[in-house]
Amino acid sequence: MFPLRRALLSLEDELLKQRLCRTREIEGLGYLPYGRRFDYTHTIPEILAQFGAKTAEELGPAAGNAPRVRVAGRVMTKRPMGKAGFAHLQQDGERLQVYVKKDAVGDRGFQLFQALDNGDIVGVEGYLFRTRTGELSVHVEQLEFLSKMLLSLPEKWHGLEDVETRYRQRYLDLIANPEVRKVFVARAGLIGSLRRQLEARGFIEVETPMMQPLYGGAAAKPFVTHHNTLDIDLYLRIAPELYLKRLLVGGLERVYEINRNFRNEGLSKQHNPEFTMLEFYQAYTDYRGLMDSSAELLRQAAIDVTGGTEVEYEGQRLDFAHIERYSMREAIVHFWEGPERPTLENVADPDWLLEHSAKASAGEALADLFERMVEHQLIQPAMIYDHPVETSPLSKNKPEDPAFVERFEIIAAGMEIGNAYTELNDPQEQRRRFEMQLALRERGDEEAHQMDEDYIRALSYGMPPAGGEGIGIDRLTMILTGSRTIRDVILFPLLRPEGPLDLVEKLRELGAGGREPGAGD
RNA sequence: GGGCCGGUAGCUCAGUAGGUAGAGCAUAUGCCUUUUAAGCAUAGGGUCGCGGGUUCGAGUCCCGCCCGGCUCACCA
């Protein structure tokens, strides 16, 4: 019986088969196809930095004092020419050319060079020189094999363009598209900058539960999971806020956490279900104090990541050295989009507000108008302060106007990138706010805050007056790196799972020396 | 979830009016000891996202589905 299968190998199978043969060939030459430790003298970027400006004369005569180096990298291009050849090795997003000549590496070394495929990882030892065309290169005297690429590299000229593949196989994106690496290096730089600045101000980094029995600190739908031994449902946190403020009660007066939040909501250019937030809490300050300190935090972060305070984003220059401040009412009047620009009297008039929004209360209507008519107009970084109490269940009231709270949001490029307020520390008032939220919940608002009695208990032990702030790391990274979508600043953004790949089966078949178990004859 | 757009060789892309599926890169073989999108010659490589329908004939037209992108809704 002949099992049904395609008569010919597909191209992909053929490439895989060829490369598995190559693996045996490399073994036959006495090299490990998956090598071991390789001590290099320089990384490729180090070589380029150190010797990139040196002339051929400065590098020295070939056999003489030319700098000797050991470097490793992935073969990105290979140009064999008879009994010699060139290749570019890539490491840390940068490339260095190597020149491999049969006379210099010997028969076995040159056979290995001939067996190299694009994508393989090798180590070389030799001396630096400049080619006839002037390119800094390693004249290889010893070649070592470090790792085999069995599949094939994306096209050398266009790189990897397919967005879906870029996200699903980010490693390929990182190999093929050097600018992608820069984005993630910048992201790490942003987080480093924020940590350094906070540490310098006496903040300590803490970690609070990601799995919580009650979810709070934001208005969002949660993910639910289950702990078997305790047999309880837990929520992946939508925010760390209520835990961080418990730490204020405990006397950790300056704390911060940089970690993931999870919100079970839609995906968009600005939303990924898991996203990274910096939250920090500082005892004895208030939202005015935070406005000043976060202006400095952002200014310095922009400098640390981009080298300056002005950032180009989607054709606009954003200036992080001058962050304007508007009250929410002022912002609505100032940035109103469309006809019939309201006056400050209008936006202070509950009747006018309720006429212009479908929301149930004047405060919610104000916030609704701000989001609908104004937020996306705020391109330059801005702080919008004095939010209505209805939408801010954890913020402290303004003493002169209890319908408003001491809160501000940081908006840039039309996106909310931060949210901060003077923390409500009165347990009685907090209880009333939770009760307001419960009333909303009973009216069907799934995202209204839950009653968190343990949090009320913590406040009842006395929380110092404090200010707290959250900054969306992903969105800030977008702005500082010019990324149009949040998926471009998250290494592995959420996608629907793809179907079976069949790779394991192919490897099983080809791994058995190309024989197909059950193929019969 | 709605609307619009897309999925063709490993990669980047063409594919006219419905008439035997193409290019470049990559791969294989040969030549080539300073090339660089190396070059020259030759060759192989396709479930046209999946399934159904219309038709003598479908990559192309129709229907359903899968995956992705944009957008709207949602996301205080």
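Every chain is numbered from 1, with letters handed out A, B, ... down the list of sequences.
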- Using atom P of each nucleotide, how far apart are rG18(B) and rC56(B) to the nearest Å? 16 Å
- Are Tyr215(A) and Tyr235(A) close enough that their ring centres sit under 6.0 Å apart? yes
- Message: What's Lys101(A) touching, base or sugar-phosphate or nothing? Going by heavy atoms closer than 4.0 Å.
- Response: base
- Only stems of 3 or more consecutive Watson-Crick or G-U pairs count here, both distances under 3.5 Å; name the ones for RNA chain B, or none. B:1-7 with B:66-72, B:10-13 with B:22-25, B:27-31 with B:39-43, B:49-53 with B:61-65
- Task: Please determine if a side-chain N or O atom of Arg496(A) lies less than 4.0 Å away from the OP1 or OP2 oxygen of rC65(B).
- Result: no
- Task: Would you mind classifying the nucleic acid contact of Gln97(A) as base, sugar-phosphate or nothing, using non-hydrogen atoms under 4.0 angstrom?
- Result: base
- Query: Who pairs with Phe113(A) by ring pair (Phe, Tyr, Trp, His ring centres under 6.0 Å), at least two apart in sequence or on another chain?
  - Reply: Phe110(A)
- Task: Take atom P in rG7(B) and the same atom in rU16(B), then report the distance between them in whole Å.
- Result: 12 Å
- Message: Counting the benzene-type ring for Trp, do Phe86(A) and Tyr99(A) have ring centres under 6.0 Å apart?
- Response: yes
- Using a cut-off of less than 4.0 Å, is there contact between a side-chain N or O of Arg79(A) and OP1 or OP2 of rC32(B)? no
- Message: Taking rG64(B) as the reference, what is the distance to rA76(B) when you measure between their C1' atoms (whole Å, please)?
- Response: 39 Å
- Check: Glu135(A) side chain, rU34(B) base, donor-acceptor under 3.5 Å: no
- Query: Within the pair Arg372(A) and rA76(B), is there a side-chain N or O less than 4.0 Å away from OP1 or OP2?
  - Reply: no
- Query: Is any side-chain N or O of Lys78(A) closer than 4.0 Å to OP1 or OP2 of rU35(B)?
  - Reply: no
- Plane angle bin for Phe129(A) and Tyr127(A) - parallel if under 30°, tilted between 30 and 60°, otherwise perpendicular: perpendicular
- Query: What do you reckon, are the aromatic ring centroids of Phe434(A) and His449(A) less than 6.0 Å apart?
  - Reply: yes
- Item | Pairwise C1' distance for rG2(B) and rA73(B), with rounding to whole Å | 8 Å
- Task: Considering only atom C1', compute the distance from rG59(B) to rA17(B) and round it to an integer number of Å.
- Result: 15 Å
- Query: So does Arg132(A) get a side-chain nitrogen or oxygen closer than 4.0 Å to the phosphate oxygens (OP1/OP2) of rU35(B)?
  - Reply: yes
- Task: Using the C1' atom on both, measure rU35(B) against rC40(B) and round to a whole Å.
- Result: 15 Å
- Under 4.0 Å between a side-chain N/O of Arg487(A) and OP1 or OP2 of rC70(B), yes or no? yes
- Query: If you measure from the P atom in rA9(B) to the same atom in rG24(B), how many Å do you get, rounded?
  - Reply: 16 Å
- Item | Whole-Å P distance, rC70(B) and rC65(B) | 22 Å
- Sequence neighbours left out, what pairs pass salt bridge (Lys or Arg N to Asp or Glu O under 4.0 Å) with at least one residue falling in residues 125-149 of chain A? Arg68(A)-Glu125(A), Arg68(A)-Glu141(A), Arg70(A)-Glu125(A), Arg70(A)-Glu144(A), Asp117(A)-Lys148(A), Asp120(A)-Lys148(A)
